[in-house]
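Some notes on the structure that comes next.
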Amino acid sequence: MPSPEPEPHEPEPGPDPDMNEVIGRDDLLLITLDTLRFDVAAELLAAGRLPNLARHLPGGEWEKRHAPGSFTYASHQAIFAGFLPTPATPGPHPRLFAARFEGSETTAGRTFVYDTPDFVTALAAEGYRTVCIGGVGFFNKRGPLGSVLPGLFQDSHWEQEFSVASPISFESQVARAEAVIAALPVQRRLFLFVNVSALHQPNWFHLPGATRDAGDSRETHAAAMEYVDAHIGRLFAAMSGRRRCFTIVCSDHGTAYGDGGFTGHRLGHEAVWTVPYAQFFLEASV
């Protein structure tokens, strides 16, 4: 008599919240710090140079994770499909969001499971207003490729001052987020996504004394992250002014600054694949 088929493996529940309780109750905020390296993020935090983020990171630390892609488009396609950066430890690791998929080994009881290709569309079906505030060129809506990712959302925003070339990109994005949040009826749940472009090259203008001719470096990358931290508190305050907000802050991939002779991303280097990640609740301030 043949042996019975083994039961599908389901990961043990971890510290993640039950997303089936979160969805429909809380607002959601997803921030991708485009190109932020894990090592730079960790060094800044340890040196006390990210005071606003440090207040919220669980245990006061970044979690080390592996990016789902090596450049913005690939990584965000994966993220919106539910494949957030994976913990840098042996798994399998239960996911927060997952499309219904036979044989999935990372769908658990706490996972929010949906019947759409991506969780952005799924959240809209649950009554959320889905809003994208873009940053890098894959969100600029200037052509078919730059329209794919923002096209997942009910409402998408991009301006030149949000772009990688703008020295005031993040504060401009935060100002738009504040306006969007203020205009939304409080009874409507909100999923806000912000792609932060300030870390992406060119970022030399965030470090006093740096020049265009000298170009970008690990130091200018770090200075750009300090700039983001200086303004991120406004975004957290705006999102917590409505109700409790489940928040994810992570990088989509890192970038190389001469590491092993490599520069940039869309390549298989530790500096690109290893990213910082954090998830936490912003408690309602009302």
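We're numbering straight along the sequence, starting at 1.
- Side chains of Y128 and Q154: a donor-acceptor N/O pair is absent below 3.5 angstrom, by distance only.
- Between F119 and F112, the distance from one ring center to the other does not fall under 6.0 angstrom.
- The shortest distance between side-chain heavy atoms of P68 and L84 does not fall below 4.5 Å.
- Exactly one residue among R49, R37, R218 makes a salt bridge (Lys or Arg N to Asp or Glu O under 4.0 Å) with E43. That residue is R218.
- Note on E159 versus R176: salt bridge recorded, some NZ/NE/NH1/NH2 to OD/OE distance being below 4.0 Å.
- Under 3.5 Å, the side chains of T32 and H76 contain a donor-acceptor pair of N or O atoms.
- Closest approach of T72 to V136, counting heavy atoms only: CG2-CG2, 3.6 Å.
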Practice task
Show your reasoning for whether side chain to side chain contact (heavy atoms under 4.5 Å, CB included) applies to H253 and D34.
Solution key: CA-CA 7 Å; H253 59 81; D34 210 293; 3.5 Å; yes

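- Put simply, the side chain of T220 does not reach to within 4.5 Å of the side chain of H206, judged on heavy atoms.
- In summary, the side chains of S163 and N140 do not present any donor paired with an acceptor at a separation below 3.5 Å, with no hydrogens or angles considered.
- Residue pairs that meet the salt bridge (Lys or Arg N to Asp or Glu O under 4.0 Å) test with at least one member in residues 129-154, sequence neighbours left out, do not exist here.
- The only member of N203, L199, V275 that meets side chain to side chain contact (heavy atoms under 4.5 Å, CB included) when paired with T35 is L199.
- Across T107, I23, V113, a single residue satisfies side chain to side chain contact (heavy atoms under 4.5 Å, CB included) together with F97, and that is I23.
- Salt bridge status for D16 with R110: absent, with no side-chain N to carboxylate O gap under 4.0 Å.
- Side-chain contact between F139 and F153 is absent, with no heavy atoms from C-beta onward closer than 4.5 Å.
- The 12-atom threshold is exceeded at CZ of R100, counting heavy atoms of other residues, nucleotides or ligands nearer than 6.0 Å.
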Problem - side chain to side chain contact (heavy atoms under 4.5 Å, CB included) evaluation trace for R25 with R244 - result: CA-CA 8 Å; R25 180 190 67 194; R244 187 164 76 159; 2.5 Å; yes

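- Between L152 and C132, the closest side-chain pair of non-hydrogen atoms is not below 4.5 Å.
- For the residue pair T255/H265, the side-chain donor-acceptor check at 3.5 Å is satisfied.
- More than 12 heavy-atom neighbours from other residues, nucleotides or ligands sit within 6.0 angstrom of CZ on F281.
- Of all heavy-atom pairs spanning T116 and A99, the tightest one is O-CB, 3.6 Å.
- Geometric assessment of R65 against the ring of F38 yields a negative cation-pi assignment under the 6.0 Å and 45° thresholds.
- Across R188 and L184, no two heavy atoms sit closer than the pair O-CD2, 3.8 Å.
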